[in-house]
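Please read the structure below before turning to the comments.
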Amino acid sequence: MKQIAGAALAAVTVLAVSSVASSSPSSPPSRDEAALAPTREAPSPGIEAKVDALLAKMTTQEKLQQVQLLSDGQVTDDDAKAGVGGVFSLVDPARINELQHIAVEQSRLHIPILFAYDTIHGYRTIFPVPLATASSFDPSVAQADATIGARESAVVGLKQIYSPMVDVSHEPRWGRIVEGNGEDPYVGSVMAAARVKGAQGSDYSKKDKVVTSVKHFVGYGQPEGGRDYNTTDMSESTLRNIYLPPFKAAIDAGADTVMCSFNAINGVPGCANPYTESDILKKEWGFDGFVESDYTAVAETRACPPVKPDVGPCGHGTAADGPEAGANALMAGTDSEMVSTNIRDYGAQLLSQHRITMSRLDDAVRRILRVKFRAGLFDHPYVDQAKATDPASYLTPADRAAARSAAGRSMVLLKNDGATLPFDPNKKTAVIGPLGDDRHDMLGPWWGQGKDEDAVGVLDGISAQSPGATFAQGCTLSNAEPPAYDPANDCASDAGFADAVAKANAADQVVLALGETREMSGEATSRSTLDLPGRQQELIDAIKATGKPFVVVLFNGRPLTLGDVAASSPAILEAWFPGVEAGNAVADVVFGKTDPGGKLPVSFPQRLGQVPIYYNHEPTGRPCDVTQKYDSRYRDLRSCDPLYAFGYGLSYTTFSVTGLKLDRTSVSPSGRVRASMTVANTGDVPGDEVVQLYLHDPVASISQPVRRLRGFERVTLQPKESKRVTFTLDRSDFGFYDNRGDFVVEPGQIEVYAGDSSQATMKATFTVTGGR
């Protein structure tokens with residue numbers, strides 16, 4: 001948590017710390033403080049009375065229908081008439097309206113259907129992928145994305161979105177790292193809360209708001225081997241200190257639905273896990289919304305071959321058949337079953353056999369009805385067809401401008417030797433590479449209802465600012481999906497290199513657009529290598545040989561191994577998948593209209609063998625030291641570090657972060673410490689810097705991470721301007737969860753580090769007295 005004081009024009013030197021706490025000046029909360037401020041409200045007595053009255057009228061079959069969630073390809077008119085609880089992935093407003101009319105007018109109790117969709121980083125106006133948004137270190141970017149995505153989703157009759165995805169991940173091989181916020185729980189918490197507040201507002205019954213579903217609960221982001229859906233095993237302290245915080249932040253921000261995960265955690269499937277779903281989420285956190293399973297996740301708990309029904313997915317082996325799978329899921333805390341129908345189909349039998357209880361079924365239905373009442377569905381169930389079919393309801397000029405700004409703020413300048421960038425738009429520019437004249441891949445995975453033809457490609461954006469720009473593709477990347485996909489087809493031939501070299505030789509400067517296709521990231525897209533696919537490195541080398549200044553602009557959904565790229569390229573810009581305004585945003589940064597002030601929310605390994613590598617790792621008894629042999633090092637790597645560290649990112653100007661001061665040297669377990677420092681633009685052009693604050697507890701009852709991010713603030717400064725930034729630390733920052741699941745604050749010294757990345761060296765200390 002932090003606050004920013006007024007501007008100062010002189011750098012502040014390091015001041016002696018005081019043992020007496022100073023008073024805090026009154027000032028508005030900073031952006032991450034505002035994002036994390038809890039806004040969850042107490043249940044409305046009026047809504048609770050309506051829920052109880054409706055539940056009392058329901059038959060067992062009507063209750064079992066309410067806990068059923070069907071896909072767009074499954075649902076029928078008969079399902080709507082029978083009172084099905086939810087439908088997802090249906091986006092035709094006419095069909096949504098048709099089914100809703102049947103449910104409201106023909107079902108016995110007139111209960112509306114909750115329609116849902118995976119609006120991950122935009123519905124029609126596609127923003128940068130969430131991993132890119134995390135790179136902005138600006139929660140207002142995530143909130144704008146969610147606000148616009150919610151409005152566009154609601155127009156067609158959707159009232160629930162399956163986002164934000166908040167799985168912390170240290171696994172770049174895992175394709176779904178693109179959907180989250182990277183490796184840090186604090187960044188993940190800030191972005192999660194911002195997205196919930198953007199989508200839901202203060203009242204998600206409003207016509208332009210939706211209820212969010214935070215996912216995937218929990219531990220899905222750390223699958224063994226990086227293979228999607230794979231098992232996860234972790235300690236209680238790791239679960240609570242690393243993986244649960246973003247979920248808690250989303251719940252505190254008001255998220256009213258949660259999606260349980262495919263994976264098993266410590267041997268227990270996420271959608272049949274009473275400890276995570278009931279003990280932690282519902283009891284410990286007081287969550288009163290509902291939990292829906294992921295796609296067939298309940299059925300997947302069955303042993304193989306599948307029994308009752310004798311078809312469909314299976315695998316975990318914690319249930320013998322469908323009835324047991326349904327019983328385990330419901331009694332663990334899953335309230336709504338997606339696609340598979342075990343609870344609905346076997347519920348009456350399970351009740352008669354006392355394998356599930358009516359009180360638990362009632363609780364599940366009550367939670368679903370509560371959300372529907374809060375969403376205003378009973379008062380306004382139908383779709384405004386005129387508005388839903390009006391092109392002016394989507395992709396407005398203002399929304400495009402917001403997406404363009406978000407993309408620019410999300411880009412990270414990884415290298416810029418000799419001030420290669422920014423380029424001069426008045427010089428002749430060549431755009432080269434398989435992604436240089438591409439719109440499809442710019443949208444990234446989970447592109448909602450975004451359309452390729454709406455996207456701005458790199459060539460389009462560069463040409464708009466540097467008229468006469470030329471293009472050569474060089475090679476192609478495959479958009480095929482497994483099992484048809486063959487990596488041998490990615491940039492497989494150098495036949496187009498000669499044209500690329502000719503275009504480069506005829507130009508003054510070159511933009512190389514390289515990376516992954518959007519099909520390489522997202523669900524079920526794990527990779528066993530992290531290099532640029534195919535012969536793209538050879539294309540870089542060919543352009544380097546021309547002697548022309550060039551920048552490699554990367555489009556990808558995960559950290560890549562960029563050692564060879566960095567060795568051969570004067571400038572590297574990490575653009576991720578920037579969304580519908582990709583080309584314009586790239587041009588804005590390349591030509592200097594926008595300062596690339598983003599920072600990495602994930603570590604980029606030097607080699608694949610370093611994975612998992614992340615900044616907030618725990619120490620060992622023999623920390624890495626490449627000058628020695630018998631320690632935690634790699635024999636064939638003369639470095640302990642990633643290629644690019646968490647929090648790293650360059651700018652077109654230069655900054656200094658100086659004058660770290662703590663307002664006290666000691667604090668009680670319930671006290672606060674304010675840490676302040678000065679950030680100054682020491683260069684000649686305006687720019688953005690992200691000031692970062694890290695803590696380390698060097699002596700504790702269990703080993704603590706070598707660094708933990710506990711505050712960040714992105715500031716925009718004019719040349720020679722400076723600002724004093726203050727971070728407020730409390731027990732939530734210097735305490736931790738132990739392996740009993742207890743939150744503890746222990747006495748002892750706490751180290752504070754401040755700077756512009758996780759490798760910051762400016763240090764101060766304070767002491768926690770007492771403790772519990």
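Numbering of residues begins at 1 and proceeds along the displayed sequence. Quick note: numbers below take in every heavy atom, side chains included, and nothing from hydrogens, waters or symmetry partners.
With sequence neighbours excluded, no residue forms a ring pair (Phe, Tyr, Trp, His ring centres under 6.0 Å) with Trp447. Shown here are the ring pair (Phe, Tyr, Trp, His ring centres under 6.0 Å) partners of Tyr123, two or more places apart in sequence or in another chain: Tyr117. A search for side-chain contact (heavy atoms from CB on, under 4.5 Å) contacts involving Ala116 returns Phe88, Gln160, Tyr162, not counting sequence neighbours. The ring pair (Phe, Tyr, Trp, His ring centres under 6.0 Å) search around Phe287 returns none, not counting sequence neighbours. Partners of Pro381 according to the side-chain contact (heavy atoms from CB on, under 4.5 Å) rule, which considers only residues two or more places apart in sequence or in another chain, are Gln100, Val104, Pro112. The ring pair (Phe, Tyr, Trp, His ring centres under 6.0 Å) check on Phe247 picks up Phe217, with sequence neighbours excluded. Residues that satisfy the side chain to side chain donor-acceptor pair (under 3.5 Å) test with Ser44, not counting sequence neighbours, are absent from this structure.
Of all heavy-atom pairs spanning Thr76 and Leu99, the tightest one is O-CD2, 3.9 Å.
Classification of Asp363 and Arg366 as a salt-bridged pair fails, no side-chain N sitting under 4.0 Å from a carboxylate O.
Defined by atom type and a distance below 3.5 Å, a donor-acceptor pair is present between the side-chain atoms of Asp531 and Thr561. Asp145 and His121 are not linked by any side-chain donor-acceptor pair at a separation below 3.5 angstrom, with hydrogens and angles left out of the test. If you check the side chains of His216 and Glu179, you find no donor sitting under 3.5 Å from an acceptor. Residues Gln222 and Tyr243 bring a donor and an acceptor atom of their side chains to less than 3.5 Å of each other.
In this structure a side-chain-to-backbone donor-acceptor pair under 3.5 Å is present from Asn266 to Met234. Here the side chain of Glu152 pairs no donor or acceptor atom with the backbone of Gly122 at under 3.5 angstrom. In this structure, Ser89 contributes its side chain and Asp72 its backbone to no donor-acceptor pair below 3.5 Å.
Tyr295 OH: 12 or fewer foreign heavy atoms inside a 6.0 Å radius.
Counting only residues at least two apart or in different chains, salt bridge (Lys or Arg N to Asp or Glu O under 4.0 Å) contacts with residues 156-171 comprise Glu171-Arg173. Residue pairs meeting the salt bridge (Lys or Arg N to Asp or Glu O under 4.0 Å) criterion with at least one partner in residues 181-194, sequence neighbours excluded, are absent. Residue pairs meeting the salt bridge (Lys or Arg N to Asp or Glu O under 4.0 Å) criterion with at least one member in residues 267-291, sequence neighbours excluded: Arg40-Asp288, Arg240-Glu284, Asp279-Lys283, Lys282-Asp335, Asp288-Arg374. Applying the ring pair (Phe, Tyr, Trp, His ring centres under 6.0 Å) rule to pairs touching residues 305-355 yields nothing, sequence neighbours excluded.
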N/O donor-acceptor pairs under 3.5 Å from side chains in residues 324-331, not counting sequence neighbours:
from: Glu324; atom 1: OE1; to: Ala320; atom 2: N; distance (Å): 2.7
from: Asn328; atom 1: ND2; to: Thr318; atom 2: O; distance (Å): 3.3
from: Asn328; atom 1: ND2; to: Glu324; atom 2: O; distance (Å): 3.4

